[in-house]
Undergrad: 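Here's a structure for you.
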Amino acid sequence: MPISMQAVSDWYNEIVERAGLAEHAPVRGCMIIKPYGWALWEQIQRPLDEAFRATGHQNAYFPLFIPLSFLAREAQHVEGFAQECAIVTHYRIKTDPDTRQVAPDPEAELEEPLVVRPTSETIIWHAFRNWIKSYRDLPLLINQWANVVRWEKRPRLFLRTAEFLWQEGHTAHATAEEALQEALRILDIYERFVQEYLAIPVVKGRKTPSERFAGAVETFTIETLLIDGKALQAGTSHFLGQNFAKAFDVKFLNPKNELEYVWATSWGVSTRLIGALILSHGDEKGIILPPRVAPIQVVIVPIWRTEEERLSVGQKAQEIGDRLQRQGIRVKVDDDPQHRPGWKFNEWELRGVPLRLAIGPKDLQTESVEVAWRHTGEKQTYPLSAAIEQLPHWLETIQKGLFERAQKRIQRQTHYTDVYSEMQTLLEEQGGFIMAHWDGTPETELAIKQETGATIRCIPLEPSEEKGRCIYTGRPSSCRVLFAKAY
RNA sequence: CGAGGCGUAGCGCAGCCCGGUAGCGCACCUGCUUUGGGAGCAGGGGGUCAGCGGUUCAAAUCCGCUCGCCUCGACCA
């Protein structure tokens, strides 16, 4: 079922705003994250933060501003970000007494311009130089939750914004092997979180040199496919080798009293995950949130006619809400008299709440409740006690159901082919993942990109080892790689 | 950054071609009736027509520039 990209694009823009997740800020490419969107981000942060702590990482915070000269220390790094850096050049504004216009004070120019961080490798490695003296200081496992700025040419809410929020991990290790293991360990954490919490299936893989992070020796990624057939990088983890250690002269004494450069990783996931969530599970009614990250897991809508009913039904609804809350369920009782039940049904469906309980005078008589599933649209009435008892189980079933549904969709959108013309047709008509052989050269990769618009999203870490011939040149290839058009 | 489209009330849009009183739906306010799938009726409030400049007796309307949004392309972890 190919969905027109235009339709999905319009749907996405409308739904993000109508569901109360975010809106455009007056600054191009920037967004205002609204309370519901922020609550969702907090649900994403919490389990990730726990997973980082559980693996020995510590949170810290580094400055927003980076001296321009820091970026220049690592040649590839500065090349990668030069095109999209915001720069602070003045420290004072001045009001023209005649026109009342405000402008940077020409007399208040900074001696060295400050780059608004596009990522924090350089300023963090500057600090690491002082923190690391001995092998006893390693491994150094640091994470920070922060905003970064990349002056994007084509911004989209959540998916690609000029300013975005993320976590960035930065670690230093005594050996290359250990750093590489760290990069892969984080990739596993990302995979588990995205699949088990966001219910989004991903493919773990390595980036080709042309898609690699500027300054990395190896970039790992988790890639997913969205409902419109476009791929999205949902998280990355980099093995940085000794590139930044050398650029910032970070050495440690090993047990044999020899000086060595340390080995490094960096890794991150961002508010882009919210975009991935919307474009993985949404439908014509709005967004659909997996229970584990839904700010509201269950909404209770009381229904009444008379004032007397409003009180009795309202009281019952509140009672059920309190019971569920004590069970650790995130629940909202929507007793707002401003809106009628039908309005509330639509509103909470738009906002993706996984389960809805509706209770009215009839249910009060029979001690029952109407249960509605957001992701299937199914509706059924249950005895109240049974519903309360079953609810945690239902939430788990929904979580699993969403993942499996997304997995089946991606399977349908994934094509194995050895014929280039077929690949072109598929990419043009429906997008999706294309698993094809590649001869391993940047020239072929570039040619395919220029002719089809698709890039190599990753070389899967768990390839189906299979000898074949490059789909473009016919030269020998040892495994299939994942092609797709990407966001 | 290049090409195209769009910008009129909080939101969605008509009006622009052919210059002359700024409109419709939703939302908002008041009242009554309503409430199990986005309620009905009646009354009411809200606009420097994105901004700046030009043409004209007169500009939402014609012309130029700037900004923003959308699509495609270039670029981008």
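First the proteins, then the strands, lettered A, B, ... as listed; each starts at 1.
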Undergrad: Mind checking who B:rU35 pairs with, Watson-Crick or G-U wobble, both distances under 3.5 Å?
TA: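 Its partner: none found.
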
Undergrad: Under the side chain to side chain contact (heavy atoms under 4.5 Å, CB included) rule, collect the residues that match up with A:Thr161, sequence neighbours excluded.
TA: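 A:Thr161: side chain to side chain contact (heavy atoms under 4.5 Å, CB included) contacts with A:Met31, A:Phe164.
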
Undergrad: Which nucleotide, if any, forms a Watson-Crick or G-U wobble pair with B:rC11, using both distances under 3.5 Å?
TA: B:rG25

Undergrad: Looking at every strand, decide which applies to A:Glu370 at a 4.0 Å heavy-atom threshold: base, sugar-phosphate, or nothing.
TA: base

Undergrad: Taking only side-chain nitrogens and oxygens of A:Arg154, does any of them come within less than 4.0 Å of OP1 or OP2 of B:rC72?
TA: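 Yes, such a contact exists.
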
Undergrad: Counting only Watson-Crick pairs (N1-N3 plus N6-O4 or O6-N4) and G-U wobbles (N1-O2, O6-N3), all under 3.5 Å, who is the partner of B:rA42?
TA: B:rU30

Undergrad: Please determine if a side-chain N or O atom of A:Arg340 lies less than 4.0 Å away from the OP1 or OP2 oxygen of B:rG36.
TA: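 A:Arg340 to B:rG36 OP1/OP2: side-chain N or O found under 4.0 Å.
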
Undergrad: Searching all strands shown, indicate the nucleotide that pairs with B:rC52 (Watson-Crick or G-U wobble; both distances under 3.5 Å).
TA: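 B:rC52 is paired with B:rG64.
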
Undergrad: Give me the atom names and distance for the closest heavy-atom approach of A:Met435 to A:Arg480.
TA: O-NH1, 3.1 Å

Undergrad: Hey, does A:Asp363 reach any base, or is it just sugar-phosphate, or nothing, if we go heavy atoms under 4.0 Å?
TA: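 Contact class for A:Asp363: base.
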
Undergrad: Please classify the nucleic acid contact of A:Arg305 as base, sugar-phosphate, or nothing, using heavy-atom distances under 4.0 Å.
TA: base

Undergrad: Checking A:Glu308 against A:Thr306: is there a side-chain donor and acceptor pair closer than 3.5 Å?
TA: no

Undergrad: Taking the nucleotide of RNA chain B with the nearest heavy atom to each, does A:Arg272 or A:His24 sit closer to the 5' end?
TA: A:His24

Undergrad: How do A:Leu157 and A:Tyr487 order along RNA chain B: which one's closest nucleotide is nearer the 5' end?
TA: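 Residue closer to the 5' terminus by nearest nucleotide: A:Leu157.
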
Undergrad: Hey, does A:Glu211 reach any base, or is it just sugar-phosphate, or nothing, if we go heavy atoms under 4.0 Å?
TA: sugar-phosphate

Undergrad: Could you tell me which nucleotide pairs with B:rC76 by Watson-Crick or G-U wobble geometry, both distances under 3.5 Å, or answer none if nothing does?
TA: none

Undergrad: Within 45° of the axis and under 6.0 Å from the centre of the six-membered ring of A:Tyr487, does NZ or CZ of A:Arg160 qualify?
TA: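 No, A:Arg160 does not lie over the aromatic ring of A:Tyr487.
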
Undergrad: Quote, to the nearest angstrom, the P distance that separates B:rA42 from B:rG37.
TA: 24 Å

Undergrad: Does B:rG20 have a Watson-Crick or wobble mate here (both distances under 3.5 Å), and if so which one?
TA: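 B:rC57 is the nucleotide pairing with B:rG20.
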
Undergrad: Is there a Watson-Crick or G-U wobble partner for B:rA3 with both distances under 3.5 Å, and if so, which one is it?
TA: B:rU71

Undergrad: As a test of understanding, state which of A:Trp438, A:Tyr420, A:Phe483 forms a ring pair (Phe, Tyr, Trp, His ring centres under 6.0 Å) with A:Tyr472.
TA: A:Tyr420

Undergrad: Starting the side chain at C-beta, find the nucleotide from B:rG36, B:rG68, B:rC76 nearest to A:Arg160.
TA: B:rC76

